[in-house]
Amino acid sequence: MKLVVEETEGVTIVEAYGRLDSTTAKEFGDRLIALVQAGRCSLVIDLKNIAYISSAGFRALLIANRTTLERRGKLALCGVIGEVKRLFDIGNFNEEFLICPSQAEGIGKLRA
Amino acid sequence: MTSRRPPRTELTSSCEISITNNLSEIARVAALVDRFAADHNFSNELVVALQVSLDEVLNNIISYAYDDEGPHDIVVRLKIRCRNIEVSVSDDGKRFDPLTTLTPDFTSKPRVHGGVGLYFVRNLMDDVIYTRRDGVNHLQLMKRLKE
């Protein structure tokens with residue numbers, strides 16, 4: 001799966017493309033954990049180009065979130081829209097993450 | 001003179017794929033669903049419902065249905081009939097009725113992972129029917145096509 005990783009103002013932005021499912025979740029999760037272990041503990045993950053997330057993908061996001069918190073970092077999500085937003089609602093995942101309307105607001109929250 | 005309509009032909013279309021019990025095989029099913037959806041102009045909402053549901057069902061079968069290490073076939077069929085899309089999944093694994101699983105406990109902290117996958121299936125599909133015949137699990141997932 002395609003991830004575009006950028007660093008802005010000490011915050012790492014990860015733009016994810018494609019699907020987060022049984023096929024891609026492991027690689028996605030491993031790459032997030034690698035970033036956190038490399039000390040990039042302020043992460044904004046932009047999901048606006050993700051078509052859908054199955055429970056395997058949510059699991060990877062939950063683990064990345066927990067790992068970031070354990071390192072006293074912060075993880076924010078943005079681009080939670082359309083069908084992805086619907087899946088967050090069905091699975092009751094909205095309370096589990098810091099969800100921001102845009103990358104800029106995610107960066108702002110993490111720098112605060 | 002009354003003009004006669006051409007005989008009404010029911011639009012029926014179907015396809016089938018057989019995979020083995022390896023998680024990497026799920027991508028082949030996803031590709032087939034994409035092609036089937038494109039051929040029939042499915043909405044994005046419908047494609048997502050089908051893809052997520054099949055991902056959950058197949059992941060569950062491949063991860064938990066077999067006690068041995070051997071290869072097993074899982075057959076997935078897609079069919080449009082009477083303005084319904086019907087998906088059936090057949091496997092020769094352990095007896096398992098996904099409709100008997102409980103709604104996940106959304107209040108537990110930290111959130112436990114289990115159970116949300118099949119909860120997605122029940123929410124995204126209009127109808128889910130489980131039967132077991134001759135040692136084979138048959139799961140039917142149905143979604144009504146919107147006009």
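Residue numbers start from 1 in every chain, and the chains themselves are labelled A, B, ... in the order their sequence lines are given, proteins ahead of strands. If you're wondering where the values come from, they're calculated on a predicted model, not measured in any experiment.
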According to a 4.5 Å side-chain heavy-atom criterion applied to Ile, Leu, Val, Met, Phe, Trp and Tyr, with indirect links allowed, do [X] and [Y] form part of one hydrophobic cluster?
{"X": "B/V87", "Y": "B/F96", "answer": "yes"}
{"X": "A/V14", "Y": "A/F58", "answer": "yes"}
{"X": "B/M125", "Y": "B/L145", "answer": "yes"}
{"X": "B/I17", "Y": "B/L58", "answer": "yes"}
{"X": "B/M142", "Y": "B/V128", "answer": "no"}

| Does a sphere of radius 6.0 Å around CD in A/E105 hold more than 12 heavy atoms from other residues, nucleotides or ligands, not counting ones at 6.0 Å or beyond? |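 Check passes, neighbour count above 12.
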
| query | Is B/R132 atom CZ crowded by more than 12 heavy atoms from other residues, nucleotides or ligands, each under 6.0 Å away? | reply |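 Correct, the count exceeds 12.
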
Is it the backbone or the side chain of [X] that comes under 4.5 Å from a heavy atom of chain A, or both, or neither?
{"X": "B/D55", "answer": "both"}
{"X": "B/L124", "answer": "side chain"}
{"X": "B/E56", "answer": "side chain"}

| Centroid-to-centroid, A/Y52 to B/F120, below 6.0 Å? |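 No, too far apart.
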
| What parts of residues 67-89 of chain A touch chain B if we use heavy atoms and a cut-off under 4.5 Å? |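 A/E83, A/R86, A/L87 fall under the 4.5 Å cut-off.
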
| request: With chain B as the partner chain, list the residues of residues 21-43 of chain A whose heavy atoms fall under 4.5 Å from it, by residue number, and write 'none' if nothing qualifies. | output: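 Under the 4.5 Å heavy-atom cut-off, A/D21, A/S22, A/T23 qualify.
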
| field | Results of side-chain contact (heavy atoms from CB on, under 4.5 Å) for B/D39 - residues two or more places apart only | value |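 So B/D39 forms no side-chain contact (heavy atoms from CB on, under 4.5 Å) with any residue.
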
| query | Can you list the residues that meet the side-chain contact (heavy atoms from CB on, under 4.5 Å) rule with B/D68, with sequence neighbours excluded? | reply |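 With sequence neighbours excluded, B/D68 shows a side-chain contact (heavy atoms from CB on, under 4.5 Å) to B/Y66, B/H72, given in chain and number order.
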
| Closest non-hydrogen atom pair, B/V116 against A/S55 |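 That closest heavy-atom pairing would be CG1-CB, 3.5 Å.
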
